[in-house]
Number of protein chains: 2
Amino acid sequence: MVRNPERRTALVDAAIEVLARDGARGLTFRAVDAEAGVPKGTASNYFASRGELLAQVSGQIHQRIAPGPDEVAEVMTAPRGRELVTELMGWINRRVSADRTGYLAMLELRLEATRRPELREELTATMRGTLEDDLRFHREGGLPGDRTAVLLMYLAMTGLMLEQLTLPGVVPAEETDGLIAALVDRVIPAG
Amino acid sequence: MVRNPERRTALVDAAIEVLARDGARGLTFRAVDAEAGVPKGTASNYFASRGELLAQVSGQIHQRIAPGPDEVAEVMTAPRGRELVTELMGWINRRVSADRTGYLAMLELRLEATRRPELREELTATMRGTLEDDLRFHREGGLPGDRTAVLLMYLAMTGLMLEQLTLPGVVPAEETDGLIAALVDRVIPAG
DNA sequence: TGTGTAGTACGTTACCCGTAGTGGTTGCAA
DNA sequence: TTGCAACCACTACGGGTAACGTACTACACA
C-alpha cells in the first residue's frame with residue numbers, strides 16, 4: 001500500500017468530485033484516476049477496496065464542509081438575537097450553493113451508507129457530533145432558542161438543502177430567504 | 001417494443017425495489033430481470049434505454065407514495081385544529097417508515113435527476129404539483145396555518161425523512177414525535 | 001394459420017481491476 | 001562524491017466479469 005499523503009488527499013478529492021458529478025454509479029477507481037489526472041491503476045494502489053475509498057471520502061468531506069473557525073468568529077461579532085440566527089441560517093444556505101459538489105457528494109454518501117453498515121456508523125457518529133456541537137454552540141453562545149428550536153431548524157435546513165440540491169425548481173429560490181427568516185422567527189420561542 | 005401493461009408495471013416495481021436496495025449503481029436491466037423473476041433480456045425488450053426505465057420509475061413511484069383518497073378522508077373526520085395537523089404530520093412520518101423502499105427509491109431518483117435534465121424536469125413538475133396540492137388542501141380544508149407554515153412544515157418533514165432514511169441514529173427515533181408536535185405548534189401562528 | 005409475446009441461448013462489447021515490470025528520485029552511508 | 005537501497009510514479013498487460021441486445025424457438029390466442 002503506497003503512502004503519499006498529498007496524492008492520497010488529491011485522489012480523495014477527485015473521488016468527491018466524481019461522486020457528485022456522476023453519482024455512485026460512476027465512482028470507479030478508473031474514474032478517480034482520470035479525474036485526478038494520474039495514471040490508470042493509481043487508485044488501486046492507494047485504496048484496497050471501494051469501501052476503503054468511501055471511508056476516506058467520508059473522513060475528508062467533513063473537513064471540506066465544516067466552516068473555518070475564523071469565518072464563524074467574524075459573524076459572531078454581532079449582538080445575539082434572532083437576526084443573528086437568521087444570518088447564520090442564511091450563511092448555511094449560501095454555503096450549500098457555493099459548494100454544491102461537496103454537499104452533493106455528502107448526499108451520495110448518505111445513500112451509500114444505507115447499504116454499508118460501517119460507513120453508516122461512521123457517518124452517524126460524525127453527523128451526531130456536529131449536531132451536538134451546533135447545540136452546544138447555540139447554548140453557550142447565548143443565542144436565542146431552546147434545544148427543540150435548534151433541532152427544528154436543523155431539520156428544516158436539511159430539507160431545504162435537499163430541495164435546492166436536487167430539485168431547485170420546487171421551492172423557488174426567491175422564497176428561500178423569506179422562508180429562512182420565517183423559520184427562525186416562528187421556531188424560536190418568544191422571550 | 002413489447003407492450004404488456006401488467007408486465008411493464010411489474011418490471012418497474014422491480015426496478016424500484018432494486019433502486020432502493022442496491023442504489024443507482026445496482027440498477028441494471030439484468031438486476032431488474034432477476035428481481036422481477038423474468039428471463040434475462042426482458043427488461044431490454046421493454047425499455048429502450050436506462051433513461052426510459054428511470055422515466056417510467058419516476059411516473060410510477062408517485063402513485064406508490066401518494067396516499068389513497070379514503071385514507072385521507074378517514075383522518076379528516078376530526079375537528080380542524082393543530083392536533084389534526086400534528087396527526088397528519090405523524091402520519092407522513094409513519095408512512096415513510098412503512099414504505100422505506102418507495103421513499104429511498106425516490107431519493108435515488110432525486111440524485112439521478114441531478115444528471116438527467118429530462119428526469120429533473122419531470123420530477124420537479126410532479127413534486128411542485130403535489131406541494132401545491134398540499135397547500136390547496138390545507139387552505140381549502142380549513143386547517144390552521146398559513147402558506148408559510150405549510151412550506152416550513154414541508155421542509156422540516158423533508159429533512160426528517162432524509163435523516164430517518166439514511167442516518168436514523170442522528171435524530172433519535174424517540175424524539176421524532178415530540179419534534180413533530182413542536183414543529184406544528186411553533187410554526188403555525190396563533191389565532 | 002398468422003401475429004405477437006414469453007422464454008432460451010448466445011456472441012459481442014465494454015470496462016474494470018489489479019499487478020508485474022520499469023525507470024526515476026531521494027536519502028543515507030561509506 | 002559515489003554507490004546503494006527504498007520508495008514511488010508510470011506503462012502496459014491480461015484476466016475476468018457482467019451487462020447488453022438479439023437471434024431463435026415455443027406457445028397462446030385470435
Side-chain angles (χ1 to χ4, degrees), chain A residues 1-60 105 108-109 111-112 114-116 118-119, chain B residues 1-60 105 108-109 111-112 114-116 118-119:
Chain A
M1 184 86 20
V2 198
R3 35 180 80 267
N4 172 344
E6 290 180 23
R7 206 153 226 249
R8 163 155 280 143
T9 57
L11 286 169
V12 175
D13 271 330
I16 292 175
E17 194 68 31
V18 173
L19 203 49
R21 174 161 37 81
D22 303 331
R25 187 144 215 269
L27 185 68
T28 66
F29 283 175
R30 283 294 186 269
V32 173
D33 290 336
E35 178 68 29
V38 297
K40 305 175 182 180
T42 304
S44 270
N45 292 330
Y46 274 81
F47 310 99
S49 67
R50 197 183 148 81
E52 194 180 312
L53 173 59
L54 285 170
Q56 305 215 10
V57 165
S58 149
Q60 192 153 323
E108 292 281 356
L109 272 186
L111 273 273
E112 198 69 19
T114 290
R115 286 157 236 126
R116 295 177 180 270
E118 29 174 72
L119 182 58
Chain B
M1 184 84 22
V2 197
R3 35 179 78 267
N4 172 343
E6 290 179 24
R7 208 153 223 249
R8 165 155 277 145
T9 58
L11 285 170
V12 175
D13 271 331
I16 292 175
E17 193 68 31
V18 172
L19 202 50
R21 174 161 37 80
D22 303 331
R25 186 142 214 270
L27 184 68
T28 65
F29 284 175
R30 283 295 187 270
V32 173
D33 291 335
E35 178 68 29
V38 299
K40 305 173 181 181
T42 304
S44 270
N45 292 330
Y46 273 83
F47 311 99
S49 68
R50 197 184 148 79
E52 194 180 311
L53 173 59
L54 285 170
Q56 304 215 11
V57 165
S58 149
Q60 192 153 324
E108 293 279 357
L109 272 187
L111 274 272
E112 198 70 18
T114 290
R115 284 157 238 126
R116 295 176 181 270
E118 28 171 71
L119 181 58

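Chain letters run A, B, ... following the sequence lines, proteins first and then strands; every chain starts at 1.
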Check residues 18-27 of chain B and write down every donor-acceptor pair under 3.5 Å in which the side-chain atom is one partner and the other belongs to a residue at least two apart or another chain.
| from | atom 1 | to | atom 2 | distance (Å) |
| --- | --- | --- | --- | --- |
| B:R21 | NH2 | B:E35 | OE1 | 2.3 |
| B:R25 | NE | A:A24 | O | 3.3 |

Look for any protein N or O under 3.5 Å of an N or O in nucleotides 21-27 of chain C and output each such pair with its distance, or none.
none

TODO: Under 4.0 Å from any heavy atom of chain B: name the first and the last nucleotide of DNA chain D that qualifies, 5' to 3'.
DONE: D:dA19 to D:dT22
- [ ] Mind running a 4.0 Å heavy-atom check of residues 30-46 of chain B against DNA chain C and sending the residues that fall below it, in number order?
- [x] B:P39, B:K40, B:Y46
Task: Residues in salt bridge (Lys or Arg N to Asp or Glu O under 4.0 Å) contact with A:R116, at least two apart in sequence or another chain - done: A:E112
Acceptor/donor pairs from residues 37-46 of chain A side chains to any protein atom, 3.5 angstrom cut, sequence neighbours excluded:
| from | atom 1 | to | atom 2 | distance (Å) |
| --- | --- | --- | --- | --- |
| A:T42 | OG1 | A:P39 | O | 2.6 |
| A:N45 | ND2 | A:G41 | O | 3.4 |

Task: Basic-acidic side-chain contact under 4.0 Å: A:E108, B:R115 - done: yes
- [ ] Rounded to the nearest angstrom, tell me the gap between atom CD in B:E6 and atom P in C:dA6.
- [x] 10 Å
- [ ] Would you mind reporting whether A:L11 and A:F47 have side-chain heavy atoms less than 4.5 Å apart?
- [x] yes
Task: Presence of A:R25 side-chain N/O under 4.0 Å of C:dC16 phosphate oxygens OP1/OP2 - done: no
- [ ] Indicate yes or no: at least one non-hydrogen side-chain atom of A:Q56 is less than 4.5 angstrom from one of A:E52.
- [x] yes
Task: Member of A:I16, A:V57, A:V12, A:L53 meeting the side chain to side chain contact (heavy atoms under 4.5 Å, CB included) criterion with A:V32 - done: A:L53
